[in-house]
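These notes concern the structure reproduced below.
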Amino acid sequence: MNVLGLETSCDETSAAVVRDGTDLLANAVSSQIAVHRPYGGVVPELASRNHLQLIDTIVTDALREAKLSFNDLDAVAATYGPGLSSSLLIGLNAGKGIALALGVPFIAINHMEAHLYSPLITSTLQPSNTPFPFICLIVSGGHTILAHATGIGQHEILGQTLDDAAGEAFDKVAKLLGLGYPGGPEIDRLTQNGNPAAIAFPRSMLDDPSHNFSFSGLKTAVMYYLRKNGCSGGLRPPLASEPENRRSQSAATIADVCASFQEAVVDVLVGKTVRAAEERGVRVVAAAGGVSVNRRFRAKLAETCWQRGWQLLLAEPALCTDNAAMIAALAYHKLPAADWAVDVEPSVGLV
Ligand code: KG4
Ligand code: ZN
């Protein structure tokens, strides 16, 4: 079964071909980061126009990479939400058109559900080697969700962020520091020379009994720290609004601020994931979404799982950030029960 997947929910235009749910034949991704960087965030109008310009080239690229033609496709899938409506429409309409022209099923896929099962692509998802049940932390620019999965399409949302998503916090803190967009990779890079214990930023909701998250307080704590102390070596000088004598004698470096902020986020993400697994008696942990590329996060989660003898499922970085492979892979598993979802509309729902 060859499934063509399309992903256009935000600022990546992607087309992928996945065979039988796990065999990744092609995953073409075109990122619009350079288009949106001057604005410090994604501009929806520019995003949809770029998707429209690129979608046919990306589909052609994916088929060429997979060494297949349209006639080799058995189904087509596209993200229906959540995401930017005007961007979702591009992938949805392209996917529906291709499916209708070929006379094959069209499957509309939830972006977050695709992230949730993405660690299973190219890994252990064989009927005889099932990873279920597992706890998955989906941690991206728009969402932070803890889910308990007992089978494909069978999952319970345990908690989610009450305000900013973890990736959003990375992006906003990077902006405060005058770093580029998107901020996550920039902060990840700068932490190499920073001291994660330099500043004691809050671990919001780490001890809260719920499985929910909150990152806006942490972002505000970084903002107040910078107002009071500034930071040396920054791309932008310390904010001048505070009198010199109220600034700390030994302002932390920009790398220290990055490392301390990142450590606070990682402590919360790993701590709450572990507690969810313990509470549910689950010994397999997965993580997905753009922030799960973060090196400190991967290392700390790996170490924590290793100490407990748990299995860890982490997708390779290219399958953590937005991609169509996860859309095609999930569609394969949904195919037996799927309607020909040609009347589907973009949606902003959760998983
Ligand atoms: O999953 P994704 O590609 O798109 C969404 O569905 O949101 O995630 C993008 C987010 C951005 O906020 C970006 O800053 C963050 O993932 N990100 C990272 C890293 N790479 C990407 N955050 C921390 N460390 C990274 N290395
Ligand atoms: Zn995503």
Side-chain angles (χ1 to χ4, degrees), residues 5-14 16 27 29-33 36-37 40-42 44 47 78-84 87-88 91 109-119 121 136-145 147 160-161 164-177 179-192 194 196 213 215 218-219 258-259 261-270 287-301 314-327 329-330 348-351:
L6 302 179
E7 158 62 38
T8 62
S9 65
C10 191
D11 60 345
E12 265 94 21
T13 318
S14 179
N27 186 30
V29 183
S30 172
S31 169
Q32 300 177 10
I33 283 176
H36 301 287
R37 185 171 282 134
V42 177
T79 309
Y80 73 84
L84 304 169
S87 289
L88 289 162
I109 294 292
N110 182 294
H111 181 85
M112 302 316 295
E113 192 178 1
H115 270 309
L116 168 54
Y117 295 105
S118 64
I121 309 170
C136 185
L137 175 73
I138 312 163
V139 64
S140 70
H143 296 83
T144 307
I145 296 174
Q160 55 185 301
T161 184
D164 291 354
E168 196 178 349
F170 269 97
D171 295 338
K172 286 178 175 172
V173 165
K175 212 170 197 175
L176 288 174
L177 291 165
L179 303 173
Y181 166 85
E186 289 283 306
I187 289 180
D188 191 346
R189 187 176 57 78
L190 282 167
T191 54
Q192 274 172 319
F213 299 84
F215 291 106
L218 173 58
K219 171 201 63 191
C258 289
F261 159 76
Q262 177 178 274
E263 200 65 13
V265 176
V266 168
D267 275 354
V268 172
L269 294 177
V270 172
V291 180
S292 70
V293 175
N294 183 272
R295 285 172 300 175
R296 177 65 185 137
F297 170 74
R298 287 171 99 88
K300 182 152 188 173
L301 191 62
L314 279 179
E316 56 187 87
L319 298 179
C320 292
T321 45
D322 287 349
N323 66 88
M326 65 183 189
I327 306 301
L330 182 58
V348 291
L350 273 177
V351 174

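For ligands, and for the atoms within them, numbers begin at 1 and follow the listed sequence. Start at 1 with the first residue, then count along the sequence.
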Write out the residue and atom name of the closest protein heavy atom to [atom], then the distance separating them to 0.1 Å.
atom	value
atom 11 (C) of ligand 1	Asp171 OD2, 3.6 Å
atom 6 (O) of ligand 1	Asp322 OD1, 3.2 Å
atom 18 (C) of ligand 1	Gly184 CA, 3.5 Å
atom 21 (C) of ligand 1	Gly290 O, 3.5 Å

Side-chain H-bond candidate by donor/acceptor type, Gln32 with Ser30, under 3.5 Å: no
Gln160-His143 side chain donor-acceptor pair, cut-off 3.5 Å: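 On atom types as modelled, these side chains do not qualify, holding no pair under 3.5 Å.
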Can you list the ligand 1 atoms lying under 4.0 Å from a non-hydrogen atom of [X]?
X	answer
Gly167	12 (O)
Thr321	3 (O)
Gly142	7 (O)
His111	6 (O)
Val291	15 (C), 16 (O), 18 (C), 22 (N)
Gly141	5 (C), 7 (O), 8 (O), 9 (C), 10 (C), 12 (O)
Pro182	14 (O)

So does [Y] get a backbone contact from the side chain of [X], meaning a donor-acceptor N/O pair under 3.5 Å?
X	Y	result
Ser9	Gly83	no
Asn323	Met326	yes
Ser292	Cys320	no
Ser14	Ala324	yes
Gln262	Ala264	no

Taking N or O atoms only and a 3.5 Å limit, does Asn294 qualify as a polar contact for ligand 1?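 The answer is yes, given that Asn294 and ligand 1 share an N or O pair closer than 3.5 Å.
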For Asp188, which part has a heavy atom under 4.0 Å from ligand 1: side chain, backbone, both, or neither?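 The part of Asp188 near ligand 1 is the side chain, not the backbone.
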His115 contact mode with ligand 1 (heavy-atom cut-off under 4.0 Å):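 It is the side chain that gets close, since no backbone atom is under 4.0 Å.
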What do you reckon, are the aromatic ring centroids of Phe215 and Phe170 less than 6.0 Å apart?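 Phe215 vs Phe170: aromatic centres not under 6.0 Å.
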Taking only residues two or more places apart in sequence, or in another chain, which ones meet [X] in a side chain to side chain donor-acceptor pair (under 3.5 Å)?
X	answer
Asn27	none
Lys172	Asp164, Glu168
Arg298	none

If only protein N, O or S atoms under 2.8 Å count, total around the Zn ion (ligand 2):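 Counting protein N, O and S atoms closer than 2.8 Å to the Zn ion (ligand 2) gives 3.
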Do you know the tightest heavy-atom contact between Ala174 and Ile187?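 Heavy-atom minimum between the residues: N-CD1, 3.9 Å.
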Atom OG in Ser118, atom NE2 in His111: separation rounded to 0.5 Å? 9.5 Å
